[in-house]
Student: 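Structure in structure tokens, see below.
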Number of protein chains: 2
Amino acid sequence: MHVAADAEVGPARAPLSRDRVLRAAVRIADDGGLGALTMRRLAEDLGAEAMSLYYHVANKDEVLDGIADAVGREINEVVDALDVPSAGPQWKQAVRRRILAAREVLLRHPWVPAVFETRAAMSPEILRYHDRLLGLMRDGGFSYDLAHHALHALGSRALGFSQELFTPAAGGGGAGDGDELADLAERLPNLAGLLEHISHDDPGSTLGWCDDQEEFEFGLDLLLDGLDRLRERSSS
Amino acid sequence: MHVAADAEVGPARAPLSRDRVLRAAVRIADDGGLGALTMRRLAEDLGAEAMSLYYHVANKDEVLDGIADAVGREINEVVDALDVPSAGPQWKQAVRRRILAAREVLLRHPWVPAVFETRAAMSPEILRYHDRLLGLMRDGGFSYDLAHHALHALGSRALGFSQELFTPAAGGGGAGDGDELADLAERLPNLAGLLEHISHDDPGSTLGWCDDQEEFEFGLDLLLDGLDRLRERSSS
DNA sequence: ACCTGAACACCGTTCAAGT
DNA sequence: ACCTGAACACCGTTCAAGT
């Protein structure tokens, strides 16, 4: 069928390198999720044996650190090109735009939150990202204390994501009808009321149930507005 | 040395059950973290073979679902005993107390956030927790729309945790002195300034760097205060 | 310097077999 | 009904050996 020539002619294969390994790792995670990222699969994609990887990276942990940093670099490239005025009251728009731009990068790499949650603190690129964010707040007149609190309050939202912990659609059980729905309304009266209200209000939204982007921005603005109020109060 | 009698006399061993399996799983995670929780280790702790577990649970995924639900039950037992007035403006204190009580349970099970982030939405107990939280907001006069937004805005904070994504102490490199510190101050001027300010202000805090409980409450109150303002505005 | 084969110590899980 | 032994298909990783 196909001519399997690649393995036998030409310059055999581009030599491995730490950079090529990490680039392949990002691609695998993008395509198949974090579960697809194994040392053996990684080597296969590079046309090498799993053991060859260990010449370029110490272990899998270093691969995960590496791809976290790689996405951090991608984020910084995007947000550093933004150049929004940040003096005084403009800090809020500057921070908002920066965070939403970072979020757009994350949406291309849905596996990133899981990796960031365990090792983002170690990444030089993520540290750089937070440093610049802190700079915008300082431009806006934040004291170090308030800026420090602000970073903690934002948490992962500063990087553009929030765990979608609450997805009620999954809780109903799916298949259950009739009796089961009545039982649910009794056990979870408030959630049932919410569900009824939402599906009545906007039947089309039942599928996704919640507009994630809208909810993300609601929570972000709630925090930014609250921080802005504290900033004004402290600088008066 | 020791008399190894347990295996040979008495009622041999308590029979396995789904409940005993889950209880042992929680204990293992509490003691050794989520990484220590393997089917083989779980069986060993119960004095059985790994394969015996599959008679009581379908697979490891069900074990993880089960321990998430078990902690959810533990949380509900604590918060249901609270009984704080929640009518009108009192909703905020009621929600606040409830969330901080949930947090106390989580502090006893540090592995829980990692499990919740992947499967809390499926847990009947966690659903029940959110239903009651939603009920408090309804008592306070929240519309379903605002309450819905509020749950998303709180995210995992509703359950008492926030990812500690930003731990600058890890980023410095630890060992580096002199030149490396100067280099860091140049690359991360704002974080360096923050670090200097904090360690000057309160030298004792350098060890833990941030008071997690204090930061958690700051972020929580920022959200609750903002939500309360929206509630007042909408109900006027 | 760069890559590999064979091997080790782990996983979760299946399945036929025991009591 | 409840439990188990042997075995399978995976992991990450080491180490001596190849070019």
Student: Just wondering, more than 12 heavy atoms not from B:Arg132 lying within 6.0 Å of its CZ?
Tutor: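 Atom CZ in B:Arg132 is crowded, with more than 12 foreign heavy atoms closer than 6.0 Å.
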Student: For DNA chain D, please output the secondary structure as dot-bracket, reading 5' to 3'. Pairs are Watson-Crick or G-U wobble, both atom distances under 3.5 Å; mark crossing pairs with [ ], other-strand partners with |, unpaired with a dot.
Tutor: ||.|||||...|||||.||
Student: Which of residues 45-59 of chain B sit near DNA chain C, with a heavy atom under 4.0 Å from it?
Tutor: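 Heavy-atom cutoff 4.0 Å gives B:Met51, B:Tyr54, B:Asn59.
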Student: May I ask you to say whether A:Asp183 pairs ionically with A:Arg187, meaning some side-chain N is under 4.0 Å from a carboxylate O?
Tutor: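 Counted as a salt bridge, because a side-chain N and a carboxylate O are separated by less than 4.0 Å.
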Student: Expressed as a whole number of angstroms, how long is the span from B:Met39:CE to D:dA7:P?
Tutor: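 After rounding, the gap between these two atoms is 21 Å.
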Student: Using a cut-off of 6.0 Å, state whether more than 12 heavy atoms not belonging to A:Arg96 lie near its atom CZ.
Tutor: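 More than 12 heavy atoms, drawn from other residues, nucleotides or ligands, come within 6.0 Å of this atom.
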Student: Are the side chain of B:Thr118 and the backbone N or O of B:Val115 linked by a donor-acceptor pair below 3.5 Å?
Tutor: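 Flag set: sc B:Thr118 to bb B:Val115 pair under 3.5 Å.
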Student: Send over the distance from B:Arg40 CZ to D:dC8 C1', rounded to a whole Å.
Tutor: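 Going from B:Arg40 (CZ) to D:dC8 (C1'), I get 11 Å.
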Student: May I ask you to say whether A:Asp65 pairs ionically with A:Lys60, meaning some side-chain N is under 4.0 Å from a carboxylate O?
Tutor: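 No.
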Student: Any sub-3.5 Å donor-acceptor pair from A:Asn190's side-chain atoms to B:Leu134's backbone N or O?
Tutor: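 Not confirmed, A:Asn190 side chain does not pair with B:Leu134 backbone.
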Student: Could you tell me which non-hydrogen atom of B:Val26 sits nearest to which non-hydrogen atom of B:Ile67, and how far apart they are?
Tutor: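 Closest heavy-atom pair between B:Val26 and B:Ile67: CG2-CG2, 3.6 Å.
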Student: Could you state the CG-P distance from A:Leu42 to C:dT4, rounded to the nearest angstrom?
Tutor: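 Atom CG in A:Leu42 sits about 13 Å away from atom P in C:dT4.
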Student: A:Leu34 CG to D:dC11 P: how many Å, rounded?
Tutor: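 Answer to the nearest Å: 14 Å.
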Student: Can you check the B:Asp19 CG to D:dC2 P distance for me, whole Å?
Tutor: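 Taking CG of B:Asp19 and P of D:dC2, I get 15 Å after rounding.
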Student: Using distance only, find each side-chain donor-acceptor pair of residues 33-50 of chain A under 3.5 Å and give its atom names and separation, not counting sequence neighbours.
Tutor:
| unit_1 | atom_1 | unit_2 | atom_2 | d |
| --- | --- | --- | --- | --- |
| A:Thr38 | OG1 | A:Arg41 | N | 3.0 |
| A:Arg41 | NE | A:Asp45 | OD1 | 3.1 |

